[in-house]
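This is a predicted model, so every value here is computed, not measured.
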Protein chains: 2
Amino acid sequence: MNAPEAPDTTAVPRGRPRDAAVGRKVVETVLRLIADGATFGDLTMEGIARAAGVGKATVYRRWNGKDALLLDVLAAVDCFEPPPRFTAGSFRDHLLTAVEAIRRRGLAKRESAMLRTMLGQMQNSPELWKAYHDTVIAKRRAALARLLEHGMAIGAVRPELGADMELLIDFVTGTMLSRTTFRQGASLDEGISERVVDLILNGIAPSAGPAEP
Amino acid sequence: MNAPEAPDTTAVPRGRPRDAAVGRKVVETVLRLIADGATFGDLTMEGIARAAGVGKATVYRRWNGKDALLLDVLAAVDCFEPPPRFTAGSFRDHLLTAVEAIRRRGLAKRESAMLRTMLGQMQNSPELWKAYHDTVIAKRRAALARLLEHGMAIGAVRPELGADMELLIDFVTGTMLSRTTFRQGASLDEGISERVVDLILNGIAPSAGPAEP
DNA sequence: CATTTACGATACGGGGCCGTCTCGTATCGT
DNA sequence: ACGATACGAGACGGCCCCGTATCGTAAATG
């Protein structure tokens, strides 16, 4: 008896299998178009297929529409980012690593363009924003939260700040994120991360302790 | 720009004068559409005219195209923002006023939506971004620079930080700006500005030297 | 009054994208 | 070999927008 609703997952494909390289090529093309300045409104299924050198029907065979395609594109964004390692070194070194990661992402055209484009769409398509947030942003913030809690545990961070970890993360990331996202063309030379870390640790007020005059 | 060869300012217009209310209505409509989530790519001259209840030819009579119209729209953004007053109070109070201004702008749908939309377009249309930067952003940063220099003069801000005023401004604005722009839905209750100011002034490290647990 | 320009509405040809469909060819399992 | 499916290419009707032009009406000058 050959039940048509066969529960086994190996639903034998019958004809020519889909070429996985085609799907990758389309996603890569969309990432390139966004990096080149296209907003989601600028992207068209027809234009994507043309830019990818792919038949339009092939794109529609894989994705129902632009939103479904963009969801897969978002999932591919963070595939290239190894999670930062906080193994050895002082808390200040770890903090510097985190800030440096933001700086380098700001220099990466694809990452920063994607973030800016997503920001413009977060009101329009909250599902897309949620996907970007969950797959890209949340992971980074979680890693930073672990770092900051470690800092509080070893006394490098004022413990009362743990009451609002989200705000603490905004504070640690905000300076470099503003610089890379809002201020296109702002200097992003290497030494800047050091100064940002100094500001994050010590603030702008003169230190009351027996430090530098 | 409708003065062919009349050097005197009283170039007598001959027919029915343009209704200034129509121009205002169009600009206001575009601002509303952007606040409702439209990106620049979503906006069309035809749709704008329809939403404004205005003839399409009337829009084209005033602006050559979408870019020219958007330039005027940008110029209208900051018309509603009174410049902040730094008259009395401590430096901390002034800083709180500045941070509070960012928080309130983040709550204003029109302002934050415009900023997010502009970010997505800054690569695509640098002229538009320059206009937005010059008419909106530069003024706020200049006011903040004056505040920070005042703070250094009275000893409330470490003077060596004046070496990179742009970075200093990024640091002061970055936390609240990140929260209002990147993190839609994040809490923006009133007390938060106080905590941000504390972080800006004192940083995250314990102030009384290296405390050993 | 006549003239001139603005206004809202709408019609016009042109062009791009939509989503589907049909080709001819290619590549799989049977 | 054969059927089934994927592939690139492109045709197709439909829709929306572009920028201009043409209505009839309204409001200013002379």
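For the pair B:R14 CZ and C:dT4 C1', the computed distance is 6 Å after rounding to whole Å. As rounded to whole Å, 14 Å separates atom P of D:dC15 from atom CZ of B:R50. What separates CE of B:M45 from P of C:dA9 is a distance of 17 Å, to the nearest Å. The CD-C1' distance, from A:E46 to D:dA11, rounds to 11 Å in whole Å.
Under a 3.5 Å cut-off, the side chain of A:N202 and the backbone N or O of B:G203 do not form any donor-acceptor pair.
Between B:L74 and B:L128, the closest side-chain pair of non-hydrogen atoms falls below 4.5 Å.
Salt bridge status for A:E127 with A:K130: absent, with no side-chain N to carboxylate O gap under 4.0 Å. In summary, B:R183 and A:E166 engage in a salt bridge, as defined by a charged side-chain N under 4.0 Å from a carboxylate O. The existence of a salt bridge linking B:R158 and A:D198 is confirmed by a sub-4.0 Å separation between a basic side-chain nitrogen and an acidic carboxylate oxygen. A salt bridge links A:D189 with A:R195: the closest approach of a Lys/Arg side-chain nitrogen to an acidic carboxylate oxygen falls below 4.0 angstrom.
Under the ring-ring contact (aromatic ring centres under 6.0 Å, His included) criterion, the residue pairs touching residues 168-187 of chain B are A:F171-B:F171, A:F182-B:F182, with sequence neighbours excluded. Judged as a ring-ring contact (aromatic ring centres under 6.0 Å, His included), not a single pair has a partner in residues 25-59 of chain B (not counting sequence neighbours).
Remark: B:R14 engages no residue in a side-chain contact (heavy atoms from CB on, under 4.5 Å) (not counting sequence neighbours).
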Report summary line: Dot-bracket for DNA chain C, 5' to 3', Watson-Crick and G-U pairs with both distances under 3.5 Å, [ ] for crossing pairs, | for partner on another strand, reads ||||||||||||||||||||||||||||||
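Residues of residues 54-71 of chain A having a heavy atom closer than 4.0 Å to DNA chain C, listed by number: A:K56, A:A57, A:Y60. For the segment residues 15-25 of chain A, residues with any heavy atom less than 4.0 angstrom from an atom of DNA chain C are, sorted by number, A:G15, A:R16, A:P17.
The environment of A:N64 atom CG is sparse: at most 12 non-hydrogen atoms of other residues, nucleotides or ligands sit within 6.0 angstrom.
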